[in-house]
Engineer: 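Structure below; questions to follow.
Note that the structure is a prediction, hence the values are computed from the model and not measured. Here is how names work: the chains are called A, B, and so on, in the same order as the sequence lines, proteins then strands, and each is numbered from 1.
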There are 2 protein chains.
Amino acid sequence: MDRLTTQCGLDVSLSVIGGKWKPLILYHLQDGPTRFSEIRRRVGGISEKVLMQQLRELVAMDVLVRHDHQQVPPVVDYTLTPFGKTLVQALVPLCEWGNRHRAQVTETLRRAASPDGRTRSA
Amino acid sequence: MDRLTTQCGLDVSLSVIGGKWKPLILYHLQDGPTRFSEIRRRVGGISEKVLMQQLRELVAMDVLVRHDHQQVPPVVDYTLTPFGKTLVQALVPLCEWGNRHRAQVTETLRRAASPDGRTRSA
DNA sequence: GGTAGAACGTACCAAAATGTAAGTGTGAGT
DNA sequence: ACTCACACTTACATTTTGGTACGTTCTACC
C-alpha cells in the first residue's frame, strides 16, 4: 500500500495554492518584500478584495508574512517565509512547463472555444 | 516589460490542471490505461458527472486519450499522452512538497478551522 | 424477471470563488 | 481645497464549479 497512493500529496498542495491567483501571487513575491499595491499591479487583473483574501489565507498558512510598517498612510509588505519558498520551488517546474507549452495550450484552448468547434476531423 | 513577467507560465499550467480534481486524476493515471469506473474508485469522492467533465477537458487538451473498446457493456479507458506525461512530471515536485508538509499544513488548517479560533498563543 | 454494473447524458441546485462598487481614514501633491 | 494613493473592509451580484438524482442501453448473473 505505498505504490504511489497514500494520497499523492497533491491534495495538500492544492489546499494551499488552490484558487485562481495564489500561484501567481507567490510567483510575484519572489523578489522579496512587496507592498500590497505593488503585488496587485504585478499580478494584474485581480481585484483588491480577492487579493486581500488570498494574502490573508497565505499568511494564515505560514507561506507569507505580513509586515505592517505602522505608518500612515499605510505601508504594508508581504514576504515569502522559508516555508513559502519551498513551495515556490515546488511550482517552478509547473511554471516552466507552462512556458514550454504555452503555444500548444493556447492553440488548443482557442480551437476549443471556436464557435464552429471543429475540434477534430468530422 | 520582461523582468519576470511575460506571465510566468503558471497561468498556462493552471488553465490545464485547474479545478479540484484534475491533478488527482492525472496522478492516478500514471499506471497506464485506466477505465472510467476504476479512475472513479481511485480518486474517490468524485461524482460521475464531474469526472466525466474533467476527463473530457483533459482529452480536449491532449493530455489524455480516450479509448473506446466498442464493446457492450461499455469498456473505455483513458491514458496519458506523452504530452500528459510531461505535465505529470511537472507536478511531481508539488506532490512531494505536499507529502513532505502534510503534517504542518493539516495542522494549520485544523487550527484555522477550530471553532474557538485561537489562532495564536492563548 | 429483477438487479447490478458498465460509461455515459441531462436537469436542476447549492456552494464556492471571483468580481464590482463603494466606503474608511489620513497625509502628500497640486 | 481637492484629489489621489495607501491598505484595507463591506455589501452585493455574478460566474464558475461541484454535486445529486435520474435516465439510457445492454449484458451477465441469480
Engineer: Which part of the nucleic acid, if any, lies within reach of A:Ser47 when heavy atoms closer than 4.0 Å are counted: base, sugar-phosphate only, or nothing?
Structural biologist: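 Base contact.
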
Engineer: Run A:Leu26 and A:Leu64 through side-chain contact (heavy atoms from CB on, under 4.5 Å) and show every step you take.
Structural biologist: CA-CA 9 Å; A:Leu26 294 184; A:Leu64 303 181; 4.0 Å; yes

Engineer: Just to be sure I understand the rule, does B:Arg40 reach a base, reach only the sugar-phosphate, or reach nothing, if contact means heavy atoms closer than 4.0 Å?
Structural biologist: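 No contact at all - B:Arg40 keeps every heavy atom at 4.0 Å or more from the nucleic acid.
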
Engineer: Taking distance alone, no hydrogens or angles, what donor-acceptor pairs closer than 3.5 Å link side-chain atoms of residues 81-94 of chain B to residues at least two apart or in another chain?
Structural biologist:
| from | atom 1 | to | atom 2 | distance (Å) |
| --- | --- | --- | --- | --- |
| B:Thr81 | OG1 | B:Asp62 | O | 2.7 |
| B:Thr81 | OG1 | B:Val63 | O | 3.1 |
| B:Thr81 | OG1 | B:Phe83 | N | 3.4 |
| B:Thr81 | OG1 | B:Gly84 | N | 2.8 |
| B:Thr86 | OG1 | A:Trp97 | NE1 | 2.8 |
| B:Thr86 | OG1 | B:Phe83 | O | 2.5 |

Engineer: Which two nucleotides bound the region of DNA chain C that has atoms under 4.0 Å from heavy atoms of chain B, read 5' to 3'?
Structural biologist: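 Reading along DNA chain C, I get C:dG5 to C:dA11.
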
Engineer: Do B:Leu29 and B:Val65 share a hydrophobic cluster, counting only Ile, Leu, Val, Met, Phe, Trp and Tyr and linking them when any side-chain heavy atoms are less than 4.5 Å apart?
Structural biologist: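 They do not share one cluster, since no chain of ILVMFWY contacts under 4.5 Å joins B:Leu29 to B:Val65.
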
Engineer: Can you pull every protein N or O that's under 3.5 Å from an N or O on nucleotides 15-17 of chain D?
Structural biologist:
none

Engineer: Rounded to whole angstrom units, what separation is found between the CG atom of A:Leu51 and the P atom of D:dT9?
Structural biologist: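 After rounding, the reported distance stands at 11 Å.
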
Engineer: Could you give the OH-to-P distance, from A:Tyr78 to D:dC6, as a whole number of Å?
Structural biologist: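 Spelled out: OH on A:Tyr78 to P on D:dC6 is 14 Å.
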
Engineer: Calculate, to the nearest 0.5 Å, the distance between atoms OH and CD belonging to A:Tyr78 and A:Gln54 respectively.
Structural biologist: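 One finds 12.0 Å between OH of A:Tyr78 and CD of A:Gln54.
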
Engineer: With the threshold set at under 4.0 Å for non-hydrogen atoms, list the residues of residues 66-74 of chain B touching DNA chain C in residue-number order.
Structural biologist: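 Only B:Arg66, B:Pro73, B:Pro74 qualify.
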
Engineer: Name the atoms and distances for all side-chain donor-acceptor pairs under 3.5 Å in residues 15-24 of chain B, with sequence neighbours left out.
Structural biologist:
| from | atom 1 | to | atom 2 | distance (Å) |
| --- | --- | --- | --- | --- |
| B:Ser15 | OG | B:Val12 | O | 2.5 |
| B:Lys22 | NZ | B:Gly18 | O | 3.2 |
| B:Lys22 | NZ | B:Glu57 | OE1 | 2.7 |

Engineer: Test of understanding: with ring pair (Phe, Tyr, Trp, His ring centres under 6.0 Å), list the residues that count as partners of A:Phe36, not counting sequence neighbours.
Structural biologist: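 With sequence neighbours excluded, A:Phe36 shows a ring pair (Phe, Tyr, Trp, His ring centres under 6.0 Å) to no residue whatsoever.
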
Engineer: Under the side chain to side chain contact (heavy atoms under 4.5 Å, CB included) test, which residues partner B:Pro74, sequence neighbours left out?
Structural biologist: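 For B:Pro74 there are no side chain to side chain contact (heavy atoms under 4.5 Å, CB included) partners, ignoring immediate neighbours.
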
Engineer: Does anything in residues 64-73 of chain B form a salt bridge (Lys or Arg N to Asp or Glu O under 4.0 Å)? List the pairs, not counting sequence neighbours.
Structural biologist: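 As it turns out, the salt bridge (Lys or Arg N to Asp or Glu O under 4.0 Å) pairs with a partner in residues 64-73 of chain B, which skip direct neighbours, are B:Arg66-B:Asp68.
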
Engineer: Write down the distance between CD (A:Glu38) and P (D:dA5), rounded to a whole number of angstrom.
Structural biologist: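 Nearest whole value for this atom pair: 14 Å.
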
Engineer: Using side chain to side chain donor-acceptor pair (under 3.5 Å) as the criterion, point out the one residue from A:Arg35, A:Arg40, A:Arg42 that pairs with A:Glu38.
Structural biologist: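 Passing option: A:Arg42.
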
Engineer: Kindly calculate the angle separating the two end axes of the helix from C:dG1-D:dC30 to C:dT30-D:dA1, each obtained from five base pairs, and round it to 10 degrees.
Structural biologist: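 That helix has its two terminal axes inclined by roughly 10°.
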
Engineer: Does B:Glu48 have any side-chain hydrogen bond (donor to acceptor under 3.5 Å, both in side chains) partners at least two apart in sequence or in another chain, and if so, which?
Structural biologist: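 Scan of B:Glu48 (side-chain hydrogen bond (donor to acceptor under 3.5 Å, both in side chains), adjacent residues dropped) gives none.
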
Engineer: Please name the pair of heavy atoms, one in A:Cys95 and one in B:Ser13, separated by the smallest distance, quoted to 0.1 Å.
Structural biologist: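 Nearest pair, atom of A:Cys95 first, then B:Ser13: N-OG, 4.4 Å.
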
Engineer: Tell me which of B:Arg35 and B:Arg56 sits closer to the 5' end of DNA chain C, going by the nucleotide each one is nearest to.
Structural biologist: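 By nearest-heavy-atom nucleotide position, the 5'-most residue is B:Arg35.
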
Engineer: Please give, in whole Å, the distance from D:dT9 P to A:Leu55 CG?
Structural biologist: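 Atom-to-atom, A:Leu55 to D:dT9, this comes out as 11 Å.
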
Engineer: Only pairs at least two apart or in different chains count here, so list each ring pair (Phe, Tyr, Trp, His ring centres under 6.0 Å) that has a residue in residues 50-71 of chain B.
Structural biologist: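 Found B:His67-B:His69.
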
Engineer: Can you list everything that forms a salt bridge (Lys or Arg N to Asp or Glu O under 4.0 Å) with B:Glu96? Sequence neighbours excluded, please.
Structural biologist: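 With sequence neighbours excluded, B:Glu96 shows a salt bridge (Lys or Arg N to Asp or Glu O under 4.0 Å) to no residue whatsoever.
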
